[in-house]
Amino acid sequence: MNLKLRIWRQKNADTPGHFVEHDAPNVTPDMSFLELLDTVNEELTLQGKEPIAFDSDCREGICGMCSLVINGIPHGHIKGTTVCQLHLRHFQDGQTITVEPWRARPFPVIKDLIVDRGAFDRIIQAGGYISVSTGQAIEGNALPIPKDTAELAMDAAACIGCGACVAVCKNASAALFVAAKVSHLALLPQGQRERERRVWHMVKAMDAAGFGSCSNTSACEAVCPKSISVEFIGRMNREYMKSLIKAQFKNT
Amino acid sequence: MNIIKALFQSTIGKKYVMAVTGLLLFGYVILHLLGNLQIYMGPNAINGYGALLHSRPALLWLARVILLAIFLTHVGTAIALTLENWAARPIAYTIGPSPYTTYASRTMFISGVILFCYIVYHVLHLTVGVVQPGIMDFKDQLGRPSIYRMLVAAFSNPWIALSYMVAMGFLYFHLSHGISSFFQSLGLKNRAYSGLILGFALGAALVIFLGFLSIPLTVLTGLVK
Ligand code: HEM
Ligand code: FES
């Protein structure tokens, strides 16, 4: 099949970007979208031109590195997949496809389609962890967790931190990402010690990075490659309220 | 004071403010609708209701000041949030708005601004009385201001009736998203209740819409005269 690509090319964060048309003749429907870009890049390299810069790592939908907005939708129009798992059979022969980077102030473009998602790391550093004493891991059955709770925590923990939720949100809000991390740890016994501090500091880091607020449009859930539910945003709002109220009764 | 500062300093805190003020405005809208629907009980009922509201000027003004404060907090916080949201996406996508969302949820600020303009106009029209001078001067047999005749005179003008009906469309829009959003913002929504909450939001918004819409419509069609 033949595809036409309109791709965002941008030298670096300080140079304005623009769209460049690239042809992709003779690609096959069983290629993934990243393989399509690899093919185009091979051709560009042979012509002595600058290849298209884009992020990827595992290429099996688990690392969260790949990050392309395809025809206006992060990770493309197929639900519950990352762009490395999106195949060309979902496109029509001769179609023009527009490819853009994640667009959000906290995610500046590094080059072409690669953005700096360090803002997510700073949010995690602010509280997205648990403190454990070093030593042997405890015996699994010594820490009983109800099955439903474990499942729910796992649903939240499925977040791969790709940032599609920010990319799709009209406010570039990171609410779903932060909510997934907050909920995952708040649901499990290991997360209790820092529970109130965690939500407080993670939300603070989220705001400091310049993400917008959540208008509850639920676009994030629809594009999340792990289909993480906005239910967790409700849970984060609840956790934050508890933290806010409890802080009023502490003399620290 | 600490908590107030904390509320306005975070995005989630500001959303709590939006949600609580939005709920209070929603509550006011329901009371206002119930008051207005007394037009169907005849001039005596609605004129009496008007006289009751005005019988204690101090209380009336207290209510007005509280309502205004809630309203201005809602609008002010909405502006602050919206500016932050715009700043978070300096370069727009070339293709369309966020997919998989309702039109109402994406346009809360627009429907809000239109509601703001409508509310200013509505107060000038039927509280201050500058849009159609004279319609506030009607009196009934008991010498009370005739709300009934005022409303009939107002909505006999098709343009005024139309403007009110269009505004109620925007109120429907704002509330159809706003009511369910309120539950989510305050963390009162979970998987089990989300269907019920959505149904309640749409149902309540529709009832409010139809209730308010009926008044200009029945006057315009001559059912109420
Ligand atoms: C009759 C008047 C009004 C009522 C009953 C009302 C009600 C509500 C409710 C219930 C919400 C949901 C709160 C939440 O997201 O948690 C809301 C949100 C909102 N309202 Fe209003 N509102 C009114 C007037 C206005 C006005 C005049 C504006 C002017 C700018 C406005 C702007 C907004 C915005 C922007 C949001 C969404 C906030 C967000 O997306 O984060 N509203 N409103
Ligand atoms: S490259 Fe790892 S998720 Fe796509």
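Predicted, not measured: the structure shown is a model, and the values here were computed from it. All values below come from the heavy atoms of this structure, side chains included, with hydrogens, waters and symmetry mates left out.
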Using non-hydrogen atoms and a 4.5 Å limit, figure out which bit of [X] sits close to chain B: side chain, backbone, both or neither.
X: A:R235; answer: neither
X: A:L152; answer: side chain
X: A:F107; answer: neither
X: A:P101; answer: backbone
X: A:K79; answer: side chain
X: A:F211; answer: backbone
X: A:D207; answer: side chain

Does atom [atom1] of [X] have more than 12 heavy-atom neighbours, drawn from other residues, nucleotides or ligands, at distances under 6.0 Å?
X: B:Y103; atom1: OH; result: no
X: B:Y193; atom1: OH; result: no
X: A:K204; atom1: NZ; result: no
X: B:R64; atom1: CZ; result: yes
X: A:Q95; atom1: CD; result: yes

Is there a donor-acceptor pair under 3.5 Å between the side chain of [X] and the backbone N or O of [Y]?
X: B:H177; Y: A:T217; answer: no
X: B:E84; Y: A:S213; answer: no
X: A:R105; Y: B:A88; answer: no
X: B:R89; Y: A:R103; answer: yes
X: B:Q184; Y: A:V230; answer: yes

(request) First locate atom CZ of B:R191, then atom OG of A:S229, and finally report the distance between them rounded to the nearest 0.5 Å. (result) 5.0 Å
(message) How long is the straight-line distance from CH2 of A:W8 back to OH of B:Y93, given to the nearest 0.5 Å?
(response) 11.5 Å
(request) Go through B:T94, B:L186, B:T82 and name the one with the most non-hydrogen pairs under 4.5 angstrom from chain A. (result) B:T94
(message) At under 4.5 Å between heavy atoms, what parts of residues 10-18 of chain B are in contact with chain A? List them by residue number.
(response) B:S10, B:T11, B:I12, B:G13, B:K15, B:Y16
(request) Tell me, for B:S194 versus chain A, whether the close heavy atoms (under 4.5 Å) come from the side chain, the backbone, both or neither. (result) neither
(request) Tell me, for B:A104 versus chain A, whether the close heavy atoms (under 4.5 Å) come from the side chain, the backbone, both or neither. (result) neither
(message) Minimum heavy-atom separation for B:K189 and A:R238, please, with both atom names.
(response) O-NH1, 3.6 Å
(request) Please name the residue in the list B:S105, B:S180, B:S185 that meets the side chain to side chain contact (heavy atoms under 4.5 Å, CB included) test with A:N216. (result) B:S185
(request) Could you list which of residues 167-177 of chain A have a heavy atom closer than 4.5 Å to any heavy atom of chain B, in residue-number order? (result) A:A167, A:V168, A:C169, A:K170, A:N171, A:A172
(message) Go through it in stages, so that I can follow the logic: the residues are A:L244 and B:I3, the test is side-chain contact (heavy atoms from CB on, under 4.5 Å), and I'd like the CA-CA distance, side-chain angles, deciding distance and then a yes or no.
(response) CA-CA 7 Å; A:L244 185 72; B:I3 192 161; 4.2 Å; yes
